[in-house]
Structure formats: C-alpha cells, structure tokens
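Some notes on the structure that comes next.
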Amino acid sequence: MNAASIMKLMSAKSQFSRNHPKFEAFLNSVFSRPMEEGSVIEITVTRPGEEPITANIKVQQSDLDLLEELKELAGGIRS
C-alpha cells in the first residue's frame, strides 16, 4: 500500500470516528480484551421504512487466526 493510500485511509477513519464516536467507543470496549472462541457477534441493519435484518456468527478459531493476521498486516503498514 502506498503512502497516499494510507493517508486517505487514515483520513477516512478519522472522519468515521468523528461521525460515530459512540460506535468507536463500543469497538474499543469490545476489543479491550482478546476475542474468545465461542463468542457471538451479531449485527442488525434497519433501513428507513423496512424491517430490521439481523445476522450473527459464532467465533471460531479460524476467525481468530484471520484477525491476528490482519493485526500483523496493519502493524506492518504503520511501521
């Protein structure tokens, strides 16, 4: 990833944080300790005038492995 792409991504992340501070606080709380296998992650999307749609996943070891790989990749980008 080139420097311009990284700067653009960092700017978009900052804007998202300003627009949605409660969501950022929620994520910080969730990820303040390691995710455990067997945890359930659920998300609901409610579009204007429509019924909510909900889905969930039960975290598996392969999911945790993927998250670890992504964290390592992100660490390499910051270096």
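Being a predicted model, the structure only gives us computed values, none of them experimental. Numbers for residues simply follow the sequence, beginning at 1.
A 6.0 Å sphere centred on CG of L70 holds more than 12 heavy atoms belonging to other residues, nucleotides or ligands. Residue E51 qualifies as open at atom CD: its count of foreign heavy atoms under 6.0 Å is 12 or below.
The closest donor-acceptor contact from the side chain of S11 to the backbone of K8 lies at 3.5 Å or more, if one exists at all.
Between the CG atom in L67 and the CZ atom in F31 there is a gap of 6.5 Å [rounded to 0.5 Å]. With rounding to the nearest 0.5 angstrom, the OG atom of S62 is 8.0 Å from the CG atom of L64. In this structure, the separation between NZ on K58 and CD on E42 is 13.0 Å, given to the nearest 0.5 Å. In this structure, CG in N56 is found 11.0 Å from CD1 in I43, a value given to the nearest 0.5 Å.
I53 shares a hydrophobic cluster with no other residue; no ILVMFWY side chain has heavy atoms under 4.5 Å from its own.
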Stepwise side-chain contact (heavy atoms from CB on, under 4.5 Å) test for L73 and E69: CA-CA 6 Å; L73 179 63; E69 290 290 329; over 6 Å; no

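Using a 4.5 Å cut-off between side-chain heavy atoms of Ile, Leu, Val, Met, Phe, Trp and Tyr, with links allowed through other members, V59 and L66 fall into different hydrophobic clusters. Under a hydrophobic-cluster definition in which Ile, Leu, Val, Met, Phe, Trp and Tyr are linked whenever side-chain heavy atoms come within less than 4.5 Å, directly or via other members, M10 and L27 are assigned to different clusters. A chain of hydrophobic side-chain contacts below 4.5 Å, direct or via other Ile, Leu, Val, Met, Phe, Trp or Tyr residues, connects F16 to V30.
Summarising the geometry of S39 relative to E36, their closest heavy-atom pair is OG-O, 2.8 Å, with the distance given to 0.1 Å.
For the pair R18 and E24, the salt-bridge criterion is not met [side-chain N within less than 4.0 Å of a carboxylate O].
N2 and S5 share a donor-acceptor pair across their side chains, judged by distance under 3.5 Å alone.
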